[in-house]
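Position 1 is the first residue of the sequence, and the numbers go up from there. It should be emphasised that the depicted structure is a prediction, and the values quoted were computed from it without experimental measurement.
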Amino acid sequence: MGASAATGIQMVAARPCIPACQRMLGSRSVVSAFGRALSTRTGFASCVQTASAGPLVAAKYRRFAVRAMSQGAAPGLPIDLRGKRAFIAGVADDNGYGWAIAKALAAAGAEILVGTWVPALNIFETSLRRGKFDESRKLPDGSLMEITKVYPLDAVYDSLEDVPEHVKTNKRYAGSSKWTVKEVAETVKDDFGSIDILVHSLANGPEVTKPLLETSRSGYLAAVSASSYSYISLLQHFLPIMNPGGASISLTYIASERTIPGYGGGMSSAKAALESDTRVLAYEAGRKGKIRVNTISAGPLGSRAAKAIGFIEKMIEYSYVNAPLQKELLADEVGNAAAFLVSPLASAITGSTVYVDNGLNTMALAVDSPTLST
């Protein structure tokens, strides 16, 4: 089973970018600077107020500071990814997390490369070519997000030797080549030399609707392979071509640490593994390549893929009623968080699980529980 693009709960129809000036607090990480990290230069809202020079600073230095700021410096504290190149694995349409992250990175100036699941490649490229995504490609400045190149990718397979014969001969893979993780990394190196940002937006659990007690060994291992080991493989093969000081992020879900009935088939285990791997990879990639590694735990979001689970609308309603912030969670908010985490503004943040869920992860009691009204 190939790794599809951010299946399950972690997808939502992309909407126009919105302000995201808020603190994100989690039990394992705190990113207090995020709300102040987004600049109007990229179309995102800024919460920064420029501090004026204090009374002890000589007037001539205050004048110099004002002159310096007026000579081309961006207002606020900008996320600037100009000159950076990002590879985003798991973009197959315009309504998932991968797409929202790509837009946020593009808005900040990054060059965008994407990896698309092989069976979805033809439809995705055709839709791009025919302009079906033009509306959702719009960036805050009115321009359209440009995807420099789309690569076929199936992150379940590390190299061609790992691909079983029935997959090689499958008509859904016909016409595509060099789509294993190793081959894609080598092709990106040949095409561009290096990248600065690696995004893992992949998840797939063939038995996700089954309770864990009814999950087969093959279904469980398939979920872990596609949803967590695929990240290890991507980083393993892309790390040699990542520039020092770069960053990598993945997407996880609160089912890694809390029981979410209905999110089965080993997917909760896969997300727990992904978060644990994030901490280990942060150490190893940090020491080996000076690369930061973080993961975003996003709240429940509605999408075509999420509806396959069968209870996504209920989860969205539950989140709205019980989260500290009673508002809809948008894919662009996840994209904005990703842009911050891969930017120099987050240069000291690595090995963290960052919650972007309106604070739902902090709640131990459902405030809409009937027991509270009796």
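- Remark: the backbone N or O of Val293 is paired with a side-chain donor or acceptor of Thr350 at under 3.5 angstrom.
- Applying the salt bridge (Lys or Arg N to Asp or Glu O under 4.0 Å) test to Glu165 and every residue at least two apart in sequence or in another chain returns nothing.
- Applying the ring pair (Phe, Tyr, Trp, His ring centres under 6.0 Å) criterion to Tyr320, with sequence neighbours excluded, gives no partner residue.
- Grouped with Leu212 in one hydrophobic cluster are Tyr220, Leu221, Val224, the linkage being side-chain heavy-atom contacts under 4.5 Å among Ile, Leu, Val, Met, Phe, Trp and Tyr residues.
- Screening residues 261-270 for salt bridge (charged side-chain N to carboxylate O under 4.0 Å, His left out), with sequence neighbours left out, gives no hits.
- Side-chain atoms of Glu111 and Thr148 form a donor-acceptor pair, as typed in the model, at a separation below 3.5 Å.
- Counting heavy atoms of neighbouring residues, nucleotides and ligands inside a 6.0 Å radius, atom CD of Glu125 exceeds 12 of them.
- For Tyr229, there are no side chain to side chain donor-acceptor pair (under 3.5 Å) partners two or more places apart in sequence or in a different chain.
- Note: His200 NE2 to Ser227 OG = 7.0 Å, rounded to the nearest 0.5 Å.
- Between Glu146 and Arg137 there is a salt bridge, since a side-chain N of the basic residue sits under 4.0 Å from a carboxylate O of the acidic one.
- For Trp117 and Phe124, the ring centers are positioned 6.0 Å apart or more.
- With values rounded to the nearest 0.5 angstrom, Ser233 atom OG is found 3.5 Å from Asp158 atom CG.
- For residues 204-222, the set of pairs meeting the salt bridge (charged side-chain N to carboxylate O under 4.0 Å, His left out) definition, not counting sequence neighbours, comprises Glu207-Lys210.
- By the 6.0 Å contact criterion, NZ on Lys171 is open, its count of non-hydrogen atoms from other residues, nucleotides or ligands being 12 or less.
- Note that OG of Ser194 is 7.0 Å distant from CD1 of Ile241, once rounded to the nearest 0.5 Å.
- Asn336 CG to Lys103 NZ: the interatomic distance, rounded to the nearest 0.5 Å, is 10.5 Å.
- Atoms CD1 and OG, on Ile254 and Ser297 in that order, are 5.0 Å from each other to the nearest 0.5 Å.
- Side-chain polar atoms of Glu183 and Thr180 form a donor-acceptor pair below 3.5 angstrom.
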Residue pair Tyr173, Trp179: steps toward the ring-ring contact (aromatic ring centres under 6.0 Å, His included) verdict: CA-CA 9 Å; Tyr173 288 75; Trp179 42 259; 4.8 Å; yes
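- Looking at Glu135 and Lys138, a side-chain N of the basic residue comes within less than 4.0 Å of a carboxylate O on the acidic one, giving a salt bridge.
- Not a single donor-acceptor pair under 3.5 Å links the side chain of Asn243 to the backbone N or O of Asp196.
- A salt bridge links Lys149 with Asp191: at least one charged nitrogen is closer than 4.0 Å to a carboxylate oxygen.
- Salt-bridge check for Lys327 with Glu333: passed, with a basic side-chain N closer than 4.0 Å to an acidic carboxylate O.
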